Amino acid sequence: MASCGAMDVIAIFGPTAVGKTAVAIAVAEHLRAEGQQAVAVSVDAIQVYKGLEVLSGAATAAEQQRLETRLISFVPVTETWSAGSHAARAHQEIDGLLAAGVVPIVVGGTGLYLRSALAELSLAPPPDAALRARLTAEYDADPGAARARLEALAPARAAAIAPGDRHRVIRALEIVEGGGGDRPQNELWTGVTRHPTRLIGLTMERDALRARIERRCAAMVEAGAADEVRKADAAGASVTARRALGFAELLADDPERMATRTSQYARRQMTWMRRTPGIVQIDVTAGTPHEVATAVLDRSGR
RNA sequence: GGCGAGAUAGCUCAGUUGGUAGAGCACACGACUGAAAAUCGUGGUGUCCCCGGUUCGAGUCCGGGUCUCGCCA
């Protein structure tokens, strides 16, 4: 009997353009051949947005025909989204699939979203818009003073944050003022998960990945990514939607810059992957999706 | 052909009165708990075009080449 055995969840991580979707589809087809059903749960900060499907590389209708994918293209571009909001939805999807006897294939390139989907992180409370606005203004008026205030209020939190890290200094002040105390948490690298999980990291030889990224960016432009971005911009896209690689670049008609920044992003994803405990890395430079899928399932000891 | 300007990091360029070179971008490595496709930290990766000269010492001064750009023929 094909059973999940010790592993209930399959997770697939990897840098952008490495071919995660194709591998997820191949894995699902292999499972189906064994009589098991699978559904993908996306963990991608930009693919959640409705109206940025081309730019974010979300699964197409044809791809979804082969593997149903949840948590893509469902948030209006005007809304902000976050790891916390995503985690709640992802937990719900994963638990629902497991309860129905379907294998969840958690797939995506946003490391923090992946981790918070697989684990039960002790996240600090969500940001309050007014407080964040006030603290941002405070920081921008005098970064040194804001930093000093954080050091006074929460030395342990401050110690973990680089002096020039605007984003984190503001967030830390936000947490402290919200009563979060001075006990910073880091459960990112513990490897603890909510369900037994086989975590796969797809890698690719650097030059090959760079070439794929360039081709992919060109294809996105070809497929109308610039138009998508202009529409989202006109619709009043949220700060988080605007973080999409290519958003600002395509508005400025600079596709080359988009490819460069995408490459830099891929590098950071690889850094995250190397740090991730328990991840099984598979180099997909030469393999077809089905060969890779076999490797994914073979290594599972099924 | 003549005159002028230039040649320094992968790219664009700085480089004081001579003391074996440094910015931005790119690149590499890293950090990462509700903005994470975000944010941030660290690192110079070099036949200073070539040959010779002056000098204790030349990216820098002198001579001769080579190449590039501009103007004039």
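Chain letters run A, B, ... following the sequence lines, proteins first, then strands; residues in each count from 1. All figures in this text were calculated on a predicted structure; none of them were measured in a lab.
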task: Taking only Lys NZ, Arg NE, NH1 and NH2, and the carboxylate oxygens of Asp or Glu, determine whether A:Arg149 and A:Glu177 approach each other closer than 4.0 Å.
output: yes
task: Evaluate salt bridge (charged side-chain N to carboxylate O under 4.0 Å, His left out) for A:Glu174 paired with A:Arg171, printing each intermediate quantity in order.
output: CA-CA 5 Å; A:Glu174 194 172 88; A:Arg171 175 61 183 155; 2.6 Å; yes
- prompt: Ignoring hydrogens and geometry, is there a side-chain-to-backbone donor-acceptor pair from A:Glu79 to A:Ser238 under 3.5 Å?
  reply: no
When the side chains of residues 152-160 of chain A are checked against the rest of the protein, which donor-acceptor pairs come out under 3.5 Å, sequence neighbours left out?
| unit_1 | atom_1 | unit_2 | atom_2 | d |
| --- | --- | --- | --- | --- |
| A:Arg157 | NE | A:Gly181 | O | 2.7 |
| A:Arg157 | NH2 | A:Gly180 | O | 3.3 |
| A:Arg157 | NH2 | A:Gly181 | O | 3.3 |

message: Can you confirm whether the side chains of A:Thr136 and A:Arg166 place a donor and an acceptor under 3.5 Å from each other?
response: no
query: Which whole number of Å gives the distance between the P atom of B:U47 and that of B:A9?
result: 8 Å
message: Can you check the distance between B:G53 and B:C11, where both ends of the measurement are the C1' atom (answer in whole Å)?
response: 34 Å
query: Hey, can you pull the residues of residues 218-231 of chain A with a non-hydrogen atom under 4.0 angstrom from RNA chain B?
result: none
- prompt: Which listed nucleotide (B:U33, B:C27, B:A26) is nearest to the side chain of A:Arg257?
  reply: B:A26
message: Parallel, tilted or perpendicular: which one describes the rings of A:His86 and A:Trp81, with boundaries at 30° and 60°?
response: perpendicular
- request: Can you run through RNA chain B from 5' to 3' and write each base as (, ), [, ], | or . depending on how it pairs? Watson-Crick or G-U wobble, both distances under 3.5 Å.
  value: (((((((..((((.....[..))))((((((.......))))).)...(((((..]....)))))))))))).
- prompt: Rounded to the nearest Å, what distance is computed from the CD atom of residue A:Glu256 to the P atom of nucleotide B:A26?
  reply: 12 Å
task: Provide the distance between the two P atoms, one in B:U16 and one in B:U8, to the nearest whole Å.
output: 16 Å
- prompt: Can you list, by residue number, the residues of residues 131-148 of chain A that have a non-hydrogen atom closer than 4.0 angstrom to RNA chain B?
  reply: A:Arg132
field: Closest to the A:Leu245 side chain, choosing from B:A35, B:G30, B:A37
entry: B:A37
Produce the list of close N/O pairs, under 3.5 Å, pairing protein atoms with atoms of nucleotides 39-45 of chain B; give distances to one decimal.
| unit_1 | atom_1 | unit_2 | atom_2 | d |
| --- | --- | --- | --- | --- |
| B:U39 | O2' | A:Asp165 | OD1 | 2.2 |
| B:U39 | O2 | A:Arg168 | NH1 | 2.7 |
| B:U39 | O4 | A:Arg268 | NE | 3.3 |

message: Both A:Ser56 and A:Pro125 contact RNA chain B. Which one's nearest nucleotide lies toward the 5' end?
response: A:Pro125
field: Phosphate OP1/OP2 of B:U33: any A:Ser116 side-chain N/O under 4.0 Å
entry: no
- line: Taking B:A36, B:G34, B:A35 as options, the one with an atom nearest any side-chain atom of A:Ala45 is B:A36
- request: Examine B:A28: is either OP1 or OP2 under 4.0 Å from a nitrogen or oxygen in the side chain of A:Arg206? Give yes or no.
  value: yes
task: Take atom P in B:A73 and the same atom in B:U66, then report the distance between them in whole Å.
output: 25 Å
- line: For A:Leu67, the other hydrophobic cluster members (4.5 Å side-chain criterion, sorted by chain and number) are A:Ile25
task: Go through A:Asp227 and A:Lys231 one step at a time and tell me if the salt bridge (charged side-chain N to carboxylate O under 4.0 Å, His left out) criterion holds.
output: CA-CA 6 Å; A:Asp227 199 47; A:Lys231 279 186 186 143; 3.3 Å; yes
query: Just by distance, with hydrogens left out, do A:Thr240 and A:Tyr49 show a side-chain donor and acceptor under 3.5 Å apart?
result: yes
- prompt: Can a side chain N or O of A:Arg115 be found less than 4.0 Å away from OP1 or OP2 on B:U33?
  reply: no
